[in-house]
Each structure stands twice: as C-alpha cells, then as structure tokens.
Amino acid sequence: MIRKYLGLYQAFFKASFAADLEYRLNFVFLVIAEFVWYSTQLILFEVLYRHTNIIGEWNIHQMRVFLFLVLFVDSIYMILWDPNFTAFTDNVRKGSLDLLLMKPINSMFMLSSQRISVSHIPCFFITAGGLVWALSQLDSFNWFKLIWLILLIPSGLSVIFCGRFALNCSSILFTRADFLQYVWYSMFRLGLRPDAIYSGFLRFILIFVVPFSMIASIPARILLEPIQPWMLLWSLVLPFLLFTLLKKYWKFCLRHYSSASS
C-alpha cells in the first residue's frame, strides 16, 4: 500500500514538473514572485527592529529564527498542497470532483496531492538555509534541539492541511464558496506572527482552539527557550485529533454532495 501511494506521488511529481516547465518564462517569474513575497515578510520585521529591540519576547536574532521557520513550513505546504486546495472549489462547481472521487484510491489523498508546485522548491532550500544561518547567529545554540523539528514541523503542517481541507470541504455544502479562500488567508496570517504578540484569551485560542501557533511559534519556542513538556505533548496529540475530526467532517460533507455534472 505504501509503495502504491509513493508510486502515485512520483507520477504526480513528474506530471507537475513537466506542466510547470512547459512555459519556462512563467516558471521563472513564479519563482521570482515567491522570493519577493518571502522577502517582504523578512523586511517588515527588519524595519520594525530599527525602532525597537524587543517584539513580544524576542530580539531580532530570535525573530529571524521564527521568520525563517514559518517560511520554511509555508514552502513545504505550498509545494505539496496549495495548488490542489486552490482548485478545490472549482472542481466542486464544475463537477470535476466526481472524476476524482471515483479513483480507486483514498479520496483525501487524491484531492490534496494531484498537483505539486515545483516553482516553490527553490524557496524550500533558501528558507532552510536561512533557518540554519539564523540559528548560527544565536549565542551557544544547542544544535541537538533541531531533532525536535522532526516532530514539530509535521504537527504544524497538519494544522495547515486540516484547516485548509476543512474549509474546502465546506464548499461542497455551498457549491460555490470563493469567500472561503479569503477566510483561510485571513486566518493563516495569524500564524505568520509570533504568538507572544498576542495575550490572554486570544493567545489561548491560537494555541489550543485554532492552533496556528503550532505552525512556527511553538517550534520556535522549543528551539529558542527551555523546553516545556506540554508543548511537545500537544504537538504529538494535535495531528491525531485534527485528522480524526477532518475525516468525520469529510464524510459528513460527502453525504451532502450533489454532483454539479449530473
């Protein structure tokens, strides 16, 4: 079964690679556009730190670790899933979803993995290098802490995957729900900021209710601060909880799906 899905993923990658390179100039501009977007996120905080030494609880060196970490996680998400989720509502509205659901493989895998964004692969390596550079600027950083990212990054990705997939599932109930894309991006911006800038009940929500802090804030805290066991425990439990709820919601939405092509 694992070999079957790995084989399918390899085929998806080859098809996506060929499709993206069919128009090479467009591919180059897509790569440049991503670099520009990532650069603006970094420049924003560089400018802010010209006027203050601390934002939330972190200095500029610690904030760079957070920023490169959040951009690194975002690049993985963009490579693996974003093109599929962007096309989800159109598939529902045009009836293309029928063909995808009829494939003899897991429907969630098919809907989330059919297309891979090759143009974001350079960003993956740039942000990974930036994260290593940012960590090297810290005084006496314990490099063995990077091992925790093996647990924490998949946990953060599960938040993005399940949140975006759940919103897309809702388009089945509404048939056309372009507004859900705007809802997602508005909520996702909360995860692009360190959780320390929030306080009280809002911070609690971002950690435990709508856990966007798990994308980068909690992993950055594990790297930068003394390890708190509850963070590691939550990062271990959270993916199982999210995928369990997502599967139930997906089945609920499918029961109410009426084909647009019929």
Got [X] and [Y] here, is their nearest side-chain heavy-atom distance under 4.5 Å?
X	Y	answer
L238	P211	yes
Y198	S217	no
L71	L42	yes
W148	L223	no
T40	L44	no
L8	F109	yes

Nearest 0.5 Å, please: how far is [atom2] in [Y] from [atom1] in [X]?
X	Y	atom1	atom2	result
M110	F12	CE	CZ	4.0 Å
S213	L206	OG	CG	4.5 Å
I79	F13	CD1	CZ	9.0 Å
I55	I197	CD1	CD1	8.5 Å
I222	Q228	CD1	CD	7.5 Å
F252	R255	CZ	CZ	7.0 Å

**Message:** So, applying side chain to side chain contact (heavy atoms under 4.5 Å, CB included) with L69, which one of L131, T127, I215, L224 is it?
**Reply:**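 For L69, the side chain to side chain contact (heavy atoms under 4.5 Å, CB included) test succeeds with only one of L131, T127, I215, L224, which is L131.
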**Item:** Intermediate values then yes/no, ring-ring contact (aromatic ring centres under 6.0 Å, His included), F165 and Y249
**Value:** CA-CA 10 Å; F165 200 104; Y249 186 57; 9.5 Å; no
**Request:** May I ask you to decide if the ring planes of F201 and F204 are parallel, tilted or perpendicular, using 30° and 60° as cut-offs?
**Result:**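 Rings of F201 and F204: parallel, under 30°.
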**Prompt:** With no hydrogens and no angle check, is any side-chain donor or acceptor of W250 less than 3.5 Å from a backbone partner on S107?
**Reply:**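 No; judged by distance alone, with no hydrogens or angles, the pair does not exist.
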**Item:** Side-chain donor or acceptor of Q62 paired with backbone N/O of N59 under 3.5 Å
**Value:**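 Checked: pair present.
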**Message:** Hydrophobic clustering (ILVMFWY, side-chain heavy atoms < 4.5 Å, transitive) - are V237 and W230 grouped together?
**Reply:**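 No, W230 does not connect to V237 through the hydrophobic network.
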**Message:** Is there a path of hydrophobic side-chain contacts, each under 4.5 Å between heavy atoms, that joins W143 and I153?
**Reply:**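 Cluster IDs for W143 and I153 match.
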**Request:** Might you confirm whether atom OH of Y23 has over 12 heavy atoms from other residues, nucleotides or ligands at distances under 6.0 Å?
**Result:**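 At most 12 heavy atoms, drawn from other residues, nucleotides or ligands, come within 6.0 Å of this atom.
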